[in-house]
Amino acid sequence: MRWGQRGSAAGALLFFSLLGLWWSYPLVFHAGTHIATPLERAPSEHKRPLSRAAYNDQLLSVSGLARNAAALARGDLAGVYDHRVCHPTPGAAFLGEHMLEPGLVGLPAYLLTHNPLLAYNTSVALSTLIAAMSMFALIRYWTGSALAALVASVLFAFHPARLDNLTHPAVVGIHWMPLVLLRFEKLLERPTVASAAALCLVSTLQALVGSYPLLVLACFAGPYGMARLFYRRDVFAVAVPYLTASVLVCVAIVGMLLAPYASQQNLWDVLRLRWTILAEYGDFLPGHRFAAGISILLLAVGALFKSGREWSSHRLAVILATLSCLVLCSAGSLWPGGPEFPSIYVWLSGAFEFLAYIRAPVSLRIGVYFGLAILAGLGTAALLRALPRNGVPVAATVILAAIILELFNPWVSAAVYTRTRSLVVEPALPNADVMEAFALLDERGIEGPVLDLPYTGQASAQLEEMPLYLHASTFFPARATTACYNSYNAASHFDVARMAGQLPREAALTELAAAGLRNLLVHRKASGDGRGVLEGLRARPNIEVLYDAGAVALLRITSTVETLGDYESLTFAGLRLPTSLRLGLFLSAVHVDIRNDGPTAWALPHPIRPLKAYVRFADESENAEAGEWLPARLLPPLGLAAGATASVPVTLSRLPDPGTYRIDLRVPELGWDVGSQSSVLVLPSERVTYGAPW
């Protein structure tokens with residue numbers, strides 16, 4: 001790199017850093033205690049309910065990212081796969097977004113401070129700088145213009161599609177993508193082992209951010225790479241072996257690291273048919289929900305008027321890749337009342353079932369903005385080259401000023417993007433009493449997971465409680481917690497909720513102790529349900545009060561419970577059907593009643609695993625023969641008192657055509673082959689919806 005290039009890169013880094021600090025002010029002064037939330041999503045009674053959900057989602061991101069950083073800091077690779085959440089489900093880190101790369105980026109801050117919030121905020125800030133600098137390197141390599149690279153970098157790194165959703169770093173994190181394209185281009189220019197290794201490195205980093213960025217990488221880089229290879233047929237024979245080796249090594253590394261992800265998804269049957277959330281084409285126009293912006297569109301159009309064979313090759317490859325992301329994430333009309341275009345993604349998911357498991361293909365839209373930012377950089381370079389030399393700095397300054405005004409001015413931004421860029425800095429340190437209770441367990445050497453109360457299986461409670469419980473435990477990553485994610489709940493979550501909902505009954509204490517859940521953290525503010533759980537627990541002779549403060553009380557079950565893990569003691573006690581079933585965003589299940597006929601309490605053997613079950617639907621309306629046996633999952637109770645009965649869900653991954661059915665259930669390991677006494681109505685699945693902002 002020449003000194004002039006180094007100087008422009010250093011100046012660009014300084015500019016991006018100052019722009020990021022200005023945008024996030026005053027978070028820089030509170031990075032270890034606060035998080036920044038876009039204004040319209042700030043948690044406040046004056047905002048819509050989604051605001052609190054978005055804030056809590058950010059706490060979940062803090063938890064996952066910081067637990068990865070903590071595991072890497074102590075050299076515990078197993079801790080990357082098992083965050084000690086959703087106890088006793090093993091490997092629960094891979095039930096949702098794994099966030100391996102965000103945890104790695106946040107590692108330096110965590111090593112210095114062991115502060116999860118600082119690790120998270122640092123990772124988010126660095127991802128923005130990486131996005132800006134990698135785009136700067138790509139556009140300057142193509143055009144030789146540092147000013148054009150600066151424009152493209154601001155449009156990419158600070159685009160609302162990124163800034164509005166930094167609460168989900170594993171969704172919008174395509175900050176390594178420009179370097180993937182750059183290293184690919186350099187490999188074509190000079191096929192060597194070093195070039196192949198560099199491409200493998202940046203591709204691996206990009207692939208390990210999250211599942212949605214991995215989808216964008218495949219959707220964008222695939223068409224782009226094929227178009228460029230077609231153009232560079234002169235180096236095809238020389239470059240392809242190096243390219244193939246790079247891709248294979250990258251796939252092997254990513255496959256090895258993400259193998260537990262696939263294993264967990266398959267074991268617990270988390271991935272199922274759900275709603276497919278798409279954008280509408282018209283949403284990308286200025287003033288609409290997913291607006292690309294005015295500046296980016298105008299400058300991208302400018303790229304179409306630059307001549308030159310090599311320039312055209314780059315441009316056409318980017319356009320092809322951008323359109324690939326656009327048509328896969330969108331459907332509907334280009335303008336109100338215009339012709340309707342069907343969804344290509346829904347058609348593909350019908351042909352390739354694994355695509356139907358992806359809930360939000362709308363996230364591919366980040367690839368659309370990425371492609372437009374590249375084209376805007378090319379368009380800016382073409383414009384600046386057409387001007388007299390003394391007019392270039394003035395023109396570049398005007399363009400940058402217009403972009404920054406559009407992105408960050410509240411009124412202009414609201415008009416173009418339908419939302420402002422303003423931030424609210426919110427305190428995010430857990431309650432001091434909660435932190436003291438966790439610390440007390442460590443000081444006294446008390447082992448075992450923590451069960452936060454209240455703990456329910458209701459969706460609304462999960463959105464409110466789980467992020468707070470998880471966030472507090474993140475400051476003590478060596479301590480397991482039953483708290484789970486609010487989107488990808490483990491099967492054990494619902495059984496813990498069942499036992500917790502029966503407190504303060506003695507049978508519930510017996511079952512919790514049998515399941516190994518002896519440390520109870522009761523949150524007073526959240527427990528105002530009128531059931532008197534805390535006072536009822538205090539009255540039990542087998543409860544020790546370890547800590548009692550204004551916000552929480554820490555209790556421990558002291559009784560010794562004799563347990564049995566023999567499946568033969570579990571008997572079928574009934575099958576419960578809802579009035580109707582429909583696969584969609586909320587997954588369908590039937591419930592089976594299980595009784596413990598053994599002489600002592602039942603305890604599910606560890607490591608826990610679901611039992612394979614099979615469900616068959618018999619069409620009653622046509623008196624037809626029963627259909628095929630469909631695979632399902634059933635997790636026996638974690639703990640069950642002698643003579644007690646528990647209702648556990650049997651999750652369904654598929655449903656028959658709409659109609660009225662009788663259901664048969666088969667569980668080979670328990671020797672059950674039973675049928676329902678009543679009927680259930682299967683409704684049409686809701687497969688497509690529009691409008692999820694993220």
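These numbers were taken from a predicted model, which means no experiment stands behind them. Values below: all heavy atoms of this structure, side chains included; hydrogens, waters and symmetry mates excluded.
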Side chain to side chain contact (heavy atoms under 4.5 Å, CB included) with Thr600: of Leu564, Thr510, Thr563, Val561, only one passes, and it is Leu564
Treating Ser569 as the side-chain partner and Gly565 as the backbone partner, does any N or O pair qualify as donor plus acceptor under 3.5 Å? no
Assert yes or no for the condition that the ring centre distance of Tyr469 to His523 is strictly below 6.0 Å. yes
Going by an N to O cut-off under 4.0 Å, is there a salt bridge joining Arg616 and Glu628? no
For the residue pair Leu258 and Leu208, establish whether any side-chain heavy-atom pair is separated by less than 4.5 Å. yes
Just by distance, no angles: are the side chains of Thr474 and Ser63 close enough, under 3.5 Å, to form a donor-acceptor pair? yes
Is a salt bridge present between Glu544 and Arg538, judged by a nitrogen-to-oxygen distance below 4.0 Å? no
Work out which heavy atom in Met466 is nearest to a heavy atom in Cys484; give both atom names and the distance. CB-O, 3.0 Å
Do Pro213 and Leu215 have side-chain heavy atoms sitting under 4.5 Å apart? no
May I ask you to check whether Asn542 and Glu506 show a side-chain donor-acceptor distance below 3.5 Å? yes
Looking at Gly91, is its backbone amide N or carbonyl O close enough to the side chain of His83 to form a donor-acceptor pair, meaning the two atoms are under 3.5 Å apart? no
When the ring centroid of Tyr567 is compared with that of Trp602, is the distance short of 6.0 Å? yes
Is any side-chain N of the basic residue among Asp593 and Arg595 closer than 4.0 Å to the acidic one's carboxylate O? no
Mind checking whether His87 and Thr481 have side chains closer than 4.5 Å, heavy atoms only? no
Whether Glu511 side chain and Ala641 backbone form a donor-acceptor pair below 3.5 Å: yes
Sidechain-backbone polar pair: Asn596 side chain, Leu640 backbone, donor-acceptor under 3.5 Å: yes
Nearest 0.5 Å, please: how far is CG in Leu554 from CG in Leu441? 5.0 Å
Count the heavy atoms belonging to other residues, nucleotides or ligands that lie under 6.0 Å from CZ of Arg576, then report whether that count exceeds 12. no
Are Asn68 and His98 close enough, and set up right, to give a side chain to side chain donor-acceptor pair (under 3.5 Å), and what steps lead you there? CA-CA 9 Å; Asn68 279 335; His98 51 80; 6.0 Å; no
Counting neighbours of CH2 on Trp347 that are heavy atoms of other residues, nucleotides or ligands and sit closer than 6.0 Å, is the number greater than 12? no
Arg524 with Asp548: basic N within carboxylate O range, under 4.0 Å: yes
Does any part of the side chain of Val615, heavy atoms only, come nearer than 4.5 Å to the side chain of Ile663, both counted from C-beta? yes
What I'd like to find out is whether the side chain of Leu581 reaches to under 4.5 Å of the side chain of Phe617, using heavy atoms alone. yes
Is the shortest side-chain heavy-atom distance between Arg67 and Val85 below 4.5 Å? yes
So, Asp495 side chain and Pro637 main chain: donor-acceptor pair closer than 3.5 Å or not? no
Flag for Asp597-Thr571: side-chain donor and acceptor within less than 3.5 Å: yes
Could you walk me through whether His168 and Tyr212 pass the ring-ring contact (aromatic ring centres under 6.0 Å, His included) test, one step at a time? CA-CA 10 Å; His168 299 101; Tyr212 285 112; 9.6 Å; no
Will you find, in the side chains of Tyr455 and His493, an N or O donor that is under 3.5 Å from an N or O acceptor? yes
